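Notes to accompany the following structure.
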Protein chains: 2
Amino acid sequence: MASCLIGRQLSLCVQKNLWLSSAGCRYVSKAAAKTQVEYDYDGPLMKTTVPGPRSQELTKQLGDIQNVGAVHFFCNYEDSRGNYLVDVDGNRMLDIYTQISSIPIGYNHPALLKLMTNPNNLSTFVNRPALGILPPENFPDKITESLLSIAPSGMSRVQTMACGSCSNENAFKSIFIWYRNKERGHNTPSEEELTSCMTNQGPGCPDLSILSFMGGFHGRTMGCLATTHSKVIHKLDIPSFDWPVAPFPRLKYPLEEFSRENAQEEARCLEEVEDLIVKWRQKGKPVAGIVVEPIQSEGGDNHASADFFRNLRNISRKHGCAFHVDEVQTGGGCTGKFWAHEHWGMDDPAEIVSFSKKLLTGGYYQKDELQADKPYRIFNTWMGDPSKNLFLVEVLNVIRRENLLEEVTRSGKALLNGLYELQAQYPGLLSRARGQGTFCAIDARDAATRDRLMLQARDKGVLLGGCGDQSIRFRPALVFKEYHVHIFLNIFNDVLAQYK
Amino acid sequence: MASCLIGRQLSLCVQKNLWLSSAGCRYVSKAAAKTQVEYDYDGPLMKTTVPGPRSQELTKQLGDIQNVGAVHFFCNYEDSRGNYLVDVDGNRMLDIYTQISSIPIGYNHPALLKLMTNPNNLSTFVNRPALGILPPENFPDKITESLLSIAPSGMSRVQTMACGSCSNENAFKSIFIWYRNKERGHNTPSEEELTSCMTNQGPGCPDLSILSFMGGFHGRTMGCLATTHSKVIHKLDIPSFDWPVAPFPRLKYPLEEFSRENAQEEARCLEEVEDLIVKWRQKGKPVAGIVVEPIQSEGGDNHASADFFRNLRNISRKHGCAFHVDEVQTGGGCTGKFWAHEHWGMDDPAEIVSFSKKLLTGGYYQKDELQADKPYRIFNTWMGDPSKNLFLVEVLNVIRRENLLEEVTRSGKALLNGLYELQAQYPGLLSRARGQGTFCAIDARDAATRDRLMLQARDKGVLLGGCGDQSIRFRPALVFKEYHVHIFLNIFNDVLAQYK
């Protein structure tokens with residue numbers, strides 16, 4: 001292992017500054033000053049267009065096994081490092097999408113590699129336990145060190161799960177169980193409930209609903225999918241539940257310039273939320289919970305004000321619905337706070353907060369009263385994966401040690417300011433720059449342009465992701481520094497210059 | 001690492017034969033002859049009742065964070081080895097439940113530990129990719145070496161997923177998409193479908209159904225849960241779909257002694273399946289797929305004949321429903337074949353076969369025509385975990401190298417014969433011994449007795465699991481040899497002797 005790390009350091013030295021020789025860089029942005037991210041590369045380095053020949057060959061091979069229509073290219077994860085993803089054709093790209101926002105501190109972070117070399121950790125990888133019945137000795141400590149150390153205000157209970165969808169599915173189930181016990185006034189079901197639930201019928205399987213928002217994304221398993229409304233491709237042909245869908249505010253950016261109009265739009269949406277809760281209660285399908293993202297991510301990076309969320313929280317309280325904040329994409333520090341909902345400044349922000357992606361394990365926090373009253377109601381074989389908790393402990397150590405939330409705030413400002421400048425420079429091409437921390441987005445004039453811009457940026461060594469109809473979303477790792485912002489802005493400016 | 005392995009070998013030598021000194025063993029069964037499982041312990045070794053004081057302390061600690069009602073005890077996975085699970089109080093138990101049937105080749109198998117010491121593998125653990133868009137270079141090869149090398153007859157396509165529930169959810173979605181394209185006659189949805197699906201309404205979200213069986217278990221997320229009908233605790237208070245539930249044959253055991261009655265019972269169930277398909281079509285909720293376990297596991301180890309499944313398969317063909325065989329618990333070799341459905345002897349056993357647990361990764365195989373027609377229809381962030389595929393390659397190597405399927409057949413015969421003997425010896429206490437390979441079960445006279453028997457066996461060093469109302473299920477790893485069968489039978493006989 002040691003020799004392997006040394007080998008890496010060596011190859012890093014060799015590759016140093018090679019990016020300066022990559023074609024077409026014009027320095028409109030600040031000079032990029034490298035900081036302390038020693039394990040990082042110095043810049044992009046492109047050898048082919050992307051996907052290159054080796055990626056194309058592998059895509060063909062995989063195409064015999066799976067649908068490969070979504071595959072961008074194949075990666076050399078061993079050579080990837082920090083903010084840079086290396087592909088199988090030797091192209092090195094500045095990664096501002098990070099595996100759909102799921103790499104917290106960059107590729108091959110030394111702290112994570114080191115963890116793998118500790119023999120005490122091996123059995124955690126090799127023997128995956130059924131956590132709900134036979135947890136490992138260090139499980140309570142690791143959960144306390146990791147997830148509990150960043151628990152949202154008012155929550156001391158956390159349940160791990162394998163992925164984001166499972167987290168939301170089980171969070172919904174917790175909500176339904178809590179709601180029915182509340183309706184009953186006790187937790188002893190009737191004989192009729194016990195019998196009817198076995199064939200999916202009421203009253204045992206009650207007609208409860210979860211209210212969600214148009215443009216929201218909460219996963220793709222069938223419960224989650226009933227609350228997901230971002231793209232047709234996710235939902236078409238899949239049976240669903242008749243659950244209410246409220247409008248999410250469509251705000252004007254920059255938010256501070258349109259505060260009056262935006263407040264009106266938010267009030268309209270909140271009114272609709274209350275109307276829907278009443279309507280669905282009258283329909284006999286009471287709303288047991290409201291699920292919302294602090295920033296609608298997959299749906300196009302739609303923001304709303306802290307006031308909107310505080311009012312929404314109040315509506316949930318007023319109508320006795322659980323408030324479920326889905327932080328699968330917004331959580332983990334990318335907005336400059338560990339949880340995006342911290343920007344609302346509330347002591348009691350929610351009943352449930354779910355997470356996954358950057359947290360490496362799925363799961364959800366909940367208030368005491370939301371925890372299912374009996375064992376095996378919220379349960380499955382694995383209930384998460386303790387090897388991910390090991391990594392998370394290290395990730396949190398790095399975040400604290402390197403003050404990464406401050407870095408994110410700093411880089412985020414630089415990024416958003418850069419985007420403002422670019423949209424001022426290319427008003428027909430770009431608009432609606434917006435963001436919190438490095439969790440930023442900008443719109444292209446249409447979907448085709450957005451897609452073309454992203455491909456052109458990729459061929460120049462910057463990897464971006466799309467969201468919504470015509471947005472580019474920025475989802476760098478937390479180790480994305482001002483230095484990287486300027487590398488991106490320089491390259492993106494070159495791409496845009498072609499549209500002049 | 002090497003020193004660590006050597007240390008383990010040493011401690012193994014020291015502990016050798018210590019189990020002979022454990023109290024209360026009467027040798028009613030064959031003398032237990034140790035075979036080549038060198039990394040295994042020699043027998044159980046109990047120091048406390050279970051849970052011991054340290055487990056109780058940790059359970060209390062975890063209880064402040066989660067519901068711990070299902071926690072049996074805490075484990076020392078580092079010291080666990082082969083067929084033996086060691087707990088935090090130093091108790092070493094012969095594990096015949098293996099983390100709800102999910103440990104394929106025992107604890108800390110040297111082949112898996114070795115894999116962890118290969119520096120080339122580290123980046124696979126440290127950098128979890130979004131497999132659907134940015135797969136690692138070795139992904140097609142690893143999938144080919146592992147999952148494709150054991151693909152069910154007629155299937156060359158496989159999709160990995162993070163867990164069993166996600167596998168079944170996505171398999172259902174594939175079925176719905178396939179079915180709707182078949183109904184349409186093409187894959188171009190109408191404007192009305194595109195619009196209506198965004199608010200969960202038809203025709204975009206069609207009223208299709210999946211037919212499942214009473215007693216079946218297919219997971220606990222909301223789509224899966226609508227096909228799960230094994231226990232009230234899984235379903236109570238959770239909204240569901242109005243999908244048809246057919247009776248699963250309740251057979252008499254041993255099967256060969258009751259072939260006439262059992263055939264009648266199976267015919268009755270098959271007739272009901274056809275009636276339900278017709279009825280649900282008339283209700284406007286056509287059955288797009290039938291999902292079934294080859295042996296109902298969670299629901300009580302309910303078997304059916306190969307004829308039953310062949311006829312069921314024919315019914316699915318006749319009515320144009322996809323046939324989905326859920327091998328999450330039965331797959332991976334425990335029935336003596338890699339897939340339990342191989343016992344049916346069919347070239348075209350199913351449209352979809354799902355797996356998880358012993359395969360270490362979730363996922364499903366499908367026939368070509370079941371693969372979704374467009375990218376992003378079956379998709380999520382992680383789409384599995386390639387580090388699990390690495391382990392699976394090694395697990396399959398070990399299974400082949402050590403002829404573990406033959407071992408399972410041999411051990412399974414010894415186990416089932418032993419259970420037959422015990423139920424003959426204790427007719428008021430035990431009944432309905434049944435099994436295929438080591439995938440065996442036996443019923444106790446009632447639930448309370450079953451639970452007590454399991455606790456008593458545990459205190460003597462044998463870990464068992466329950467299923468159904470009053471069954472004990474046997475789910476050892478594939479390295480469970482005849483030798484281990486006799487250790488179990490001796491101990492279990494001692495437990496039973498107390499009931500004389």
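Keep in mind the model is a prediction, meaning the values are calculated, not measured. In what follows, every heavy atom counts, from backbone to side chain, and hydrogens, waters and symmetry copies are set aside. Here is the naming used below: chain letters follow the sequence lines, and residue numbers restart at 1 for every chain.
From S123(A), atom OG reaches atom CZ of R81(B) across 11.0 Å, with rounding to the nearest 0.5 Å. The distance from the NZ atom of K388(B) to the OG atom of S387(A) is 4.5 Å, given to the nearest 0.5 Å. W382(A) CH2 to S165(B) OG: the interatomic distance, rounded to the nearest 0.5 Å, is 10.5 Å. Separation of atoms NE2 (H234(A)) and CD1 (I378(B)) is listed at 11.5 Å; rounding is to 0.5 Å. A distance of 9.0 Å separates CG of N380(B) from OG1 of T221(A), quoted to the nearest 0.5 Å.
With sequence neighbours excluded, the residues forming a side chain to side chain contact (heavy atoms under 4.5 Å, CB included) with C205(B) are S240(A), C197(B), listed by chain and number.
The parts of I65(B) that come within reach of chain A are both its backbone and its side chain, each placing non-hydrogen atoms under 4.5 angstrom from that chain. In this structure, the portions of N200(B) lying under 4.5 Å from any heavy atom of chain A include both its backbone and its side chain. For L360(B), the part lying near chain A is the backbone, with the side chain staying farther off; criterion is any non-hydrogen pair under 4.5 Å. With a 4.5 angstrom heavy-atom cutoff, Q371(B) touches chain A only via side-chain atoms. Heavy atoms of I103(B) lying under 4.5 Å from chain A belong exclusively to its side chain. For a residue to count as touching a neighbouring chain, one of its non-hydrogen atoms must lie under 4.5 Å from one of that chain's; by this rule I233(B) touches chain A with backbone and side chain alike. In this structure, chain A has a heavy atom under 4.5 Å from the side chain of V245(B), while its backbone stays farther away. Contacts between T124(B) and chain A at a heavy-atom distance below 4.5 Å are absent for every atom of the residue. When heavy atoms are compared at a cutoff of 4.5 Å, S102(B) approaches chain A solely by way of its side chain, counted from C-beta outward.
Using modelled atom types, one finds no donor on one side chain facing an acceptor on the other under 3.5 Å when comparing E78(A) with N127(B).
A perpendicular orientation is assigned to the rings of F125(B) and F125(A), their planes being inclined by more than 60° (bins at 30° and 60°).
Here the side chain of Q99(B) pairs a donor or acceptor atom with the backbone of A130(A) at under 3.5 angstrom. Distance alone, capped at 3.5 Å, places no donor-acceptor pair between the D237(A) side chain and the F176(B) backbone. Between the side chain of R377(B) and the main chain of K235(A), no donor-acceptor pair closer than 3.5 Å is present. With R180(A) contributing its side chain and L236(B) its backbone, the two residues share no donor-acceptor pair below 3.5 Å.
By the 4.5 Å heavy-atom criterion applied to side chains, D141(B) and Q61(A) are counted as neighbours. Counting heavy atoms from C-beta outward, E137(B) and L58(A) have side chains that approach closer than 4.5 Å. Here the side chains of C163(B) and C166(A) are in contact, with some heavy-atom distance below 4.5 Å. Between F379(A) and I100(B), the closest side-chain pair of non-hydrogen atoms falls below 4.5 Å. Residues V71(A) and P135(B) are in side-chain contact: their nearest non-hydrogen atoms beyond the backbone lie under 4.5 Å apart. Between E193(A) and V232(B), the closest side-chain pair of non-hydrogen atoms is not below 4.5 Å. Side-chain contact between F74(A) and P140(B) is present, with at least one heavy-atom pair separated by less than 4.5 Å. Side-chain contact between I238(B) and I177(A): present, with at least one pair of heavy atoms (C-beta onward) separated by less than 4.5 Å.
Atom NZ of K114(A) has 12 or fewer heavy atoms from other residues, nucleotides or ligands within 6.0 Å.
Heavy-atom pairs under 4.5 Å with chain A peak, among P129(B), G223(B), G164(B), at P129(B).
The pair R128(A)-D385(B) fails the salt-bridge criterion, with no side-chain N (NZ, NE, NH1 or NH2) lying under 4.0 Å from an Asp/Glu carboxylate O.
The minimum heavy-atom distance linking V126(A) with M116(B) is given by the pair CG2-CG, 3.7 Å. Scanning all heavy atoms of the two residues, the minimum distance from R220(A) to Y376(B) falls at NH1-O, 2.9 Å.
Sorted by first and then second residue, the pairs that involve residues 64-76 of chain B and meet side chain to side chain donor-acceptor pair (under 3.5 Å), not counting sequence neighbours, are N76(B)-D79(B).
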